[in-house]
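Taking it in order: structure first as structure tokens, then the write-up.
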Amino acid sequence: MFFNLQQMANPNYLSELNESQRAATLQVEGPVMIIAGAGSGKTRVLTYRIAHMIHLGLDAFNILALTFTNKAAREMKTRIANIVGEQESKNIWMGTFHSVFARILRSEAQLLGYPSNFTIYDTDDSKSLVKKIVKEFNLDDKVYKPNLILHRISSAKNNLISAANYAENTVIQQEDYQSKKPELGRIYLAYEKRCFQAGAMDFDDLLFKTNVLFRDFTEVLYRYQSKFQYILVDEYQDTNFSQYLILKKLAARFENICVVGDDAQSIYGFRGANIQNILNFKTEYPDVKVFKLEQNYRSTKNIVEAANSIINKNKDRIQKEVWTDNTQGDKLKIVKTLSDNEEGFEVANDIFNVKHSLQKNNQDFAVLYRTNSQSRAIEEALRKKDIAYRVYGGLSFYQRKEIKDLLAYFRLCVNPIDEEALKRVINLPKRGIGNTTLDKITLAASENQTSLWEVIQNPLKFGLKFPSALLGKLRSFHELIDTYHRLSPQIDAFQLASKIASASGVLKELYSDKTVEGTARYENVQELLNGIKEFVENDTVDSIIDLPEDLTIKTLDIFMRDIALLTDTDKNKNDTNVVSLMTIHAAKGLEFPYVYVVGMEENLFPSQMSINSRSDLEEERRLFYVAITRAEERVMLSYATSRYRWGTLTYCEPSRFLEELDPIYVQQNTGTHDAAKSFQSNFEGFSGGLNSNPNPFKSNLKKVDKTVLANSSDSDFSANAAIEVGQTVLHQRFGKGKVTEIDGNSGNKKATIQFDGIGKKQLLLKFAKLQVL
DNA sequence: AGTATCGTCGTTTTT
DNA sequence: CGACGATACT
């Protein structure tokens, strides 16, 4: 379009940036570090910077942009497409570290001895494999706990210590010996070998093997160095050593590397993220240009400054001063409750009140917590108030049993040597191939250094004397998988998936289960199949999965490539107007007008595991910083004095973080079951309650916040009681309207009003400021 | 081989 | 509390 060309010739987007944002955008060449405070327009800079590069005439094929989540990648891609057009933007390599390097590994897999359609083991697969190995080694699984072993292997991989290195390293041997786990090296070796034999990589392998690839095949490294002449990395503070080294190698030739991050928001240390990467970037590239984005466009002054008062308690940080031009806003409210259920009640109540008095949507609210298990009490309370919500994270769609079962079939058809997939489905639905049989097969496979699949193909060859009935069963299972395995390159993903679903008997079994859960499971499977259908039919422009350029038929193989890297958050859901419930980790990068942070208690937040080391505690504090800075308008922090944990009642102390907040930005409240109490009507709290509840913190209630008082002015309450259907009324925001309906009982009367030029609104008479005309 | 029941253990946070 | 594994029984 002509208009587009005009826009491209004269990019006006630069005028939408402030000075430091623009400077960072224009600095295209050389190493660049952008330290971006919370809400400072980081994504905007990244997007415009890439758009600008393309305007300058750089080839999109030479740009690599790495993000932290698939969602972030997708959003950025759309935004860039809006500026430079899709023709250009689609050629940019953009995605998470894991997805981008999985893609590269697939095309170079043969060099490492892997099939290009290798499976990606998720955490459950890895855990199950570790358990199996511990068992085979006859070790005590009380000592060799799968989670612990996995964590140990994971950190080894993230620090580029291979199984062989690990096993022969005397320092590590000492360490493991002292922690009474001398066999860890052997387990790691076995784990590594089994993954390889199953044609599988775990999450950490995707990065580890990329490093191996670049280390051992310099011509490959050279090729990708030449391709990715410009590299951009988002959320750099959350990268680990393995990722750091990949970047270092890739960027070595041109050194056009731009990292964006905020050391104050580094919250993935537990996963191996190394905050030193960002702290040391300057030393790494001495001629780096550093830009600081310090103006916050998201939150009120109270929120920004309260957050600053927290993060200033940390020692390890890059000096910067986040500030805002926004209004002062309301103080952060702290609410004390007696139990987790009451906490939920208070939160739901407050949401209800704000929603109706300020005419807000559900999607304006978020409830954030430290651990997923905390969502339950909140959910219950929201349900009682009839407030629509959605829990993010937790059990994702792809982690449900029925979905994993079917996916395991798909995995097996794509890659029959996938051991975890095979184990999962060989007796599902029941085929009379039980554990004893499987154990024998596993033993034979490991004795002969081959896959379970090989053994099943011809048990006799491996000396297994099974009764003929069993042989028949194995034979037909083998044939089932083999048929579809051979069919898989020829037909599209949906056709194949449907065939497998019915031929395997999975669909039938679920269909015959008429319980409520059974129907739900059946529907989930249908949803998965629909998703595959969509994948086949769509143009996949906005697909998360990058398709090979020379694609003629969308096979199941292609669909399965990145499925293990998808999380629930990446799935588009259509219920948009809902309150969001999620962990603080999951909330990173998001923003909401009203934010509730629940469970502000010692041993919960900060977590029990973190209070013994300064660096862990600092990470928790950064997490708290992230939580507060999600909010645009208001923050409510709550804690309970008792809560159920592991089914038993425990007593809790308020979190130290509450005390660390500078009291000028905070106001205390104790929870009561008073429906009128909310962000608006804080002032009720002043007259009541306080004396009876000794306050654990310095309170600063003398100053009365003007905004709060203004909002809670309720001079019109009595007038509203008289409102009737048919009357014409005036609302301060929506203007003139006609009352079409009234329902609810005296205290909670709700009026449906048709406003001129705005449409129908439902208002609670208790809160709406209406004037009868 | 499959199922029912009881005991165990654990909890951060996630690509 | 709830998931999972080991045990014992059909």
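Residue numbering restarts at 1 for every chain, and letters A, B, ... go by the order of the sequence lines.
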Is [X] atom [atom1] crowded by more than 12 heavy atoms from other residues, nucleotides or ligands, each under 6.0 Å away?
X	atom1	result
A/Phe270	CZ	yes
A/Glu653	CD	no
A/Arg376	CZ	no

Could you check which of [options] has an atom nearest any side-chain atom of [X]?
X	options	value
A/Thr123	B/dT15, B/dT13, B/dC9	B/dT15
A/Lys430	B/dT15, B/dT13, B/dT3	B/dT3
A/Asn427	B/dT14, B/dG2, B/dC9	B/dG2

### Task
Tell me what A/Lys127 touches on the nucleic acid: a base, only sugar-phosphate, or nothing, going by heavy atoms under 4.0 Å.
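Touches nothing.
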
### Message
Taking 5.5 Å and 30° as the limits, would you call A/Phe68 and the base of B/dT15 a stacked pair?
### Response
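Not stacked by the 5.5 Å and 30° rule.
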
Give a yes/no answer on whether the side chain of [X] brings an N or O atom under 4.0 Å of OP1 or OP2 in [N].
X	N	result
A/Thr583	B/dT14	yes
A/Lys145	B/dC9	no
A/Asn372	B/dT14	yes
A/Asn147	B/dC9	no

### Message
From CG of A/Asp141 over to P of B/dC9, roughly how many Å is that when rounded to an integer?
### Response
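Value for this atom pair: 10 Å.
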
### Query
Is there side-chain contact between A/Thr239 and A/Phe97, with heavy atoms separated by less than 4.5 Å?
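With C-beta onward as the side chain, the pair touches.
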
### Task
Please determine if A/Glu108 and A/Lys209 form a salt bridge, counting it only when a charged side-chain N lies under 4.0 Å from a carboxylate O.
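Salt bridge between A/Glu108 and A/Lys209, a charged N being under 4.0 Å from a carboxylate O: no.
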
### Task
Would you kindly check if the NZ (Lys) or CZ (Arg) of A/Arg621 is within the cone defined by 45 degrees around the ring axis of A/Tyr625 and under 6.0 Å from the six-membered ring centre?
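Cation-pi check for A/Arg621 and A/Tyr625: fails.
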
### Message
Please report the distance separating the P of B/dT13 from the corresponding atom of C/dC4, rounded so that it comes out in whole Å.
### Response
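These two P atoms come out 15 Å apart once rounded.
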
#### Entry: A/His585 and A/Tyr268 aromatic ring geometry - parallel, tilted or perpendicular at 30°/60° bounds
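Correct class here is perpendicular.
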
### Message
With a strict under 4.0 Å distance from non-hydrogen atoms of chain A, what nucleotide opens and what nucleotide closes the contacted stretch of DNA chain C, reading 5' to 3'?
### Response
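Under 4.0 Å from chain A, the extent on DNA chain C is C/dC1 to C/dA6.
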
